[in-house]
Amino acid sequence: MDILKELNPQQKEAVLHTEGPLLVLAGAGSGKTRVITYRIAYLLHQGILPENILGVTFTNKAADEMKKRIETINNSFSRQRLWISTFHSACVRILRAHLKNPNFTIYDADDQNSLIKECLKELNLTLQPKAVLATISRAKENLITAGKYTPTNFFEQKIKPLYELYQSKLDENNGLDFDDILMKTVLLWQQEPQILELYQNRFKYLLVDEYQDTNYVQYLFTKMLVQRHNNICCVGDDDQSIYSFRGADIRNILNFEKDYKNVKIIRLEENYRSTEAILSLANRVISHNIGRKGKTLWTRKTGGPPVITYVGADEHQEAAFVTRKVLEISGQEMTLNNFAVLYRVNAQSRVLEEAFRKAHLPYLIIGGVSFYGRKEIKDILAYLKILVNSQDAVSLKRIINVPARGIGKTTIQKIENLAREKGISLYSALQEIQTTEILPPKATAAIKKFVELMAHFIKLKTTKGVLELTNELIDKTGYKQELEELAEHDRLDNIKEFLISIEEFEASNEDKTLEAFLANISLYTDIDNWDDTAPKVNLMTLHSAKGLEFNYVFMVGLEEGLLPHMNAREEIEKEEERRLCYVGMTRAKKQLFLSYAIKRRLYSGTFARPSRFLLECKGRI
DNA sequence: CATGCACAGCTTTTT
DNA sequence: GCTGTGCATG
């Protein structure tokens, strides 16, 4: 097979070792994606059917790219039958196939927030929604359902009833949060072994990317799945584990040898991305961490322009430095998409934006408030979600009076009361309440009009596609008109963009139903649609930068308190900050710039001391 | 029901 | 120090 010539000995070994558990410890820029794609291409070449392979990645973007790359190597297989997807997408597919009520709504962070606030109100508690949700999320990641949740301290005692109420509301709404998607899949497999068997038999070969960032449910998912055929290939890098705050457990990769028998371990240590100047510095920083699997990256790209450190008087000077350098280098040879500015917290982007705008440098912020997180998009999506799942009260309450149609807070309260009394959904209560005299005539008329409007859309849904339906929706609800009257051009543009994304969905997916569209869109984020060829400087957090590479990388705000962040107090947390720093540094191909400011106004504090990670490079820059 | 003001909250977040 | 949220007022 010709393609094997394009691999180095270790990569080739990883591709050819198809039977039995395999752990590939792949350093930054060592051709990890190449190994996975070639491995799948090789399996297909060996006559393995596409439906017998499951590849799991962490982003849709990675999944899409992988699929494309496999096709360029080998395009004689059925794209439909090969599953390369995120954990969540795979689980949604499984749940949609086996759940009694498959038209569930996926609740994002925003929806979760509304729901937990309701719960806090009902139980008369004043905890931080964020803290509550984080605790519930941690529980779900560890497969602890509300019923099984046993408090061990005062805080958790307060959480218990909240978790129970929150979950019962989710169930009533037929809504699943992101954690439910994973937890319910594994629970389904535990409760109905014949369903698990179905998938065990189907997926003879499992590949998991970014294994260092899997949490307990994801770990279980993979472990249960491979029990029959035992062909699991996990690829990851313990030095790039940066999501422990989301439940990622580095032990999954560190204990791989104990979890599976006859494990083969292959290290990929040749870095094809960065120059020696960059890599030696990164190696130096990460060597300060203990408890590593241990590997040292090397590169053939000896020398290279030195890593440059810049000290600014304040954050504005720092931003000016970045702008100046970008202009200087881009003027000579490089288009702007070759540049990235990486920071620890999103709040740092503002100063940079100002500087870029002043210099007329086009830039693009990745992450932050996502496109699908925008109010106008979420509103439209809420309408669509109700059409699929009328039990979804969160979405219903979101748009019942958007645009304003005379259904106020008291009215909604009365409808909610009726729904609770009769034990029916909020949507059913809308119909029910019209036959009573609970509401004043004006409100009843407004409800009637709203219900008729929704009924119209529900009927339309059976005959029209998603695009036509949505077009009519923004029109008939008066949503578009309102934005036009308020001259909200940005929002109108966003809606136009949303309509384009529907067109793209209809063009590229076989299942063009609204159900499929919603399931798909809930699992997509900005980075998945990111056009990395547009001539713009990329701005993003260090976290968002994982898996990406740029010729020129600027890491800004290398100060104690920012990187490592002040909230990372424990030593293990400091080590994760160091890994974050390592991830940032290893994104650079040609040249790396490190900077900090002597004085920085962020929130109300001032940071002053250079980051310890800079000091750890000492003697090298 | 819309607007304004006060006040909380502020790390990262592939899904 | 800034921004989004939530309640009170008109």
Side-chain angles (χ1 to χ4, degrees), chain A residues 56-63 85-92 106-110 112-114 117 121 126 128-131 133-134 137 140-141 176-183 185 209-210 212-215 217-218 240-248 315 342-348 350-351 366-370 372-373 375 401-412 443 446 486 519-528 530 540-548 557 561-569 573 576-577 579-581 583-584 600-606:
Chain A
V56 190
T57 63
F58 269 77
T59 64
N60 295 296
K61 186 180 169 65
S85 69
T86 62
F87 275 106
H88 287 82
S89 304
C91 289
V92 165
I106 297 170
Y107 279 5
D108 67 10
D110 227 52
Q112 286 180 280
N113 217 357
S114 328
K117 275 186 190 160
K121 220 176 215 169
T126 49
Q128 282 181 25
K130 230 184 145 179
L133 285 171
S137 179
K140 289 187 179 181
E141 277 159 9
L176 302 196
D177 64 22
F178 285 132
D179 299 307
D180 281 336
I181 292 172
L182 302 177
M183 181 176 77
T185 305
D209 191 15
E210 309 277 19
Q212 78 279 357
D213 283 326
T214 49
N215 59 30
V217 207
Q218 292 166 330
Q240 293 187 65
S241 162
I242 55 173
Y243 281 102
S244 72
F245 68 94
R246 282 191 92 290
E315 70 272 27
L342 311 181
Y343 37 78
R344 178 67 239 264
V345 303
N346 281 309
Q348 284 174 267
R350 279 188 48 155
V351 184
I366 317 287
V369 180
S370 81
Y372 297 113
K375 191 186 169 299
N401 202 31
V402 178
R405 48 172 74 89
I407 305 174
K409 240 189 291 178
T410 28
T411 307
I412 295 169
L486 296 168
N520 192 52
I521 213 157
S522 301
L523 300 176
Y524 258 76
T525 60
D526 270 8
I527 213 158
D528 298 322
W530 169 47
M540 69 191 87
T541 62
L542 289 162
H543 283 92
S544 303
K546 199 179 79 173
L548 307 176
L562 249 189
L563 185 69
H565 194 272
M566 56 205 279
N567 290 6
R569 292 179 203 93
E573 294 174 308
E576 180 144 319
E577 297 287 306
R579 290 195 289 271
L580 199 48
C581 183
V583 166
R600 175 185 306 271
R601 278 216 302 238
L602 189 66
Y603 310 125
S604 60
T606 306

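So that the names make sense, note that chain A is the first sequence line, chain B the second, and so on, each numbered from 1.
- With hydrogens and angles ignored, no donor-acceptor pair under 3.5 angstrom links the side chain of A/R246 to the base of B/dT14.
- Note on A/G547: nothing from the nucleic acid sits closer than 4.0 angstrom, heavy atoms only.
- When heavy atoms are screened at a 4.0 angstrom cut-off, A/N60 is found touching the sugar-phosphate backbone but no base atom.
- Closest contact between the side chain of A/N346 and the listed nucleotides C/dG1, B/dT14, B/dT12 involves B/dT12.
- For A/H543 and B/dT12, the NE2 to P distance is 9 Å, given to the nearest whole Å.
- For A/R344, taking side-chain heavy atoms from C-beta onward, the closest of the listed nucleotides C/dG1, B/dT14, B/dT12 is B/dT12.
- The separation between A/K546 atom NZ and B/dT14 atom P is 11 Å, rounded to whole Å.
- Atom pair A/E576:CD and B/dT13:P shows a separation of 13 Å (rounding to whole Å applied).
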Could you go over nucleotides 2-10 of chain B and give all protein N or O partners under 3.5 Å, atom names and distances?
from, atom 1, to, atom 2, distance (Å)
B/dC10, OP1, A/Q128, OE1, 3.4

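- The side-chain hydrogen bond (donor to acceptor under 3.5 Å, both in side chains) test applied to A/T411 returns no partner, not counting sequence neighbours.
- Taking for each of A/Y243 and A/H565 the nucleotide of DNA chain B with the nearest heavy atom, the 5'-most of the two is the partner of A/H565.
- Not counting sequence neighbours, the partners of A/V92 by the side chain to side chain contact (heavy atoms under 4.5 Å, CB included) test are A/R96, A/F104, A/I106, A/I181, A/A519, A/L523.
- To the nearest whole angstrom, the two P atoms, one in C/dG4 and one in B/dT11, are 16 Å apart.
- Side-chain atoms of A/L602 and A/V345, non-hydrogen and from C-beta on, do get closer than 4.5 Å to each other.
- Put simply, CZ on A/R579 is 16 Å from C1' on B/dT13, counting in whole angstrom units.
- Taking atom CD of A/Q348 as the reference point, atom P of C/dC2 lies 16 Å away to the nearest angstrom.
- Both A/T411 and A/S89 sit near DNA chain B, but only A/T411 has its closest nucleotide nearer the 5' end.
- Spacing between atom CD of A/Q218 and atom C1' of B/dT14 amounts to 10 Å, rounded to whole angstrom units.
- The minimum heavy-atom distance linking A/E210 with A/Q212 is given by the pair OE1-NE2, 2.9 Å.
- Between A/E577 and A/L563, some side-chain heavy-atom pair lies under the 4.5 Å cut-off.
- When every heavy atom of A/N215 is checked against every heavy atom of A/E141, the shortest pair comes out as ND2-CG, 3.5 Å.
- As judged by a 4.0 angstrom heavy-atom cut-off over every strand, A/I407 is placed among residues touching the sugar-phosphate backbone only.
- Note: CG (A/D177) to P (B/dT13) measures 19 Å, nearest angstrom.
- Side-chain contact between A/H565 and A/L580 is absent, with no heavy-atom pair separated by less than 4.5 Å.
- Contact annotation: A/S544 side-chain N/O to B/dT13 OP1/OP2 distance is under 4.0 Å.
- Among the nucleotides B/dT11, C/dG1, B/dT14, the one closest to the side chain of A/T59 is B/dT14.
- Stacking between A/H88 and the base of B/dT15 is absent under the criterion of ring centres within 5.5 Å and planes under 30 degrees.
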Report each atom pair, protein N/O against N/O of nucleotides 4-8 of chain C, whose distance is under 3.5 angstrom.
from, atom 1, to, atom 2, distance (Å)
C/dG6, OP1, A/K117, NZ, 2.9

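- When the nucleotides B/dT13, B/dT11, B/dT14 are ranked by their closest atom to the side chain of A/V345, B/dT11 comes out on top.
- No side-chain heavy atom of A/R344 sits under 4.5 Å from any side-chain heavy atom of A/T541.
- Residues satisfying the ring-ring contact (aromatic ring centres under 6.0 Å, His included) test with A/H543, not counting sequence neighbours, are A/Y243, A/F245.
- Counting non-hydrogen atoms under 4.0 angstrom, A/F87 reaches nothing in the nucleic acid.
- For the ring-ring contact (aromatic ring centres under 6.0 Å, His included) test, residues two or more places apart in sequence or in another chain that qualify with A/F87 are A/F58, A/F221.
- Contact annotation: A/N215 side-chain N/O to B/dT15 OP1/OP2 distance is not under 4.0 Å.
- Taking both residues in full, the closest heavy atoms of A/D209 and A/T57 are given as CB-CA, 4.1 Å, listed atom of the first, atom of the second, then distance.
- Taking atom CD1 of A/I366 as the reference point, atom P of B/dT12 lies 16 Å away to the nearest angstrom.
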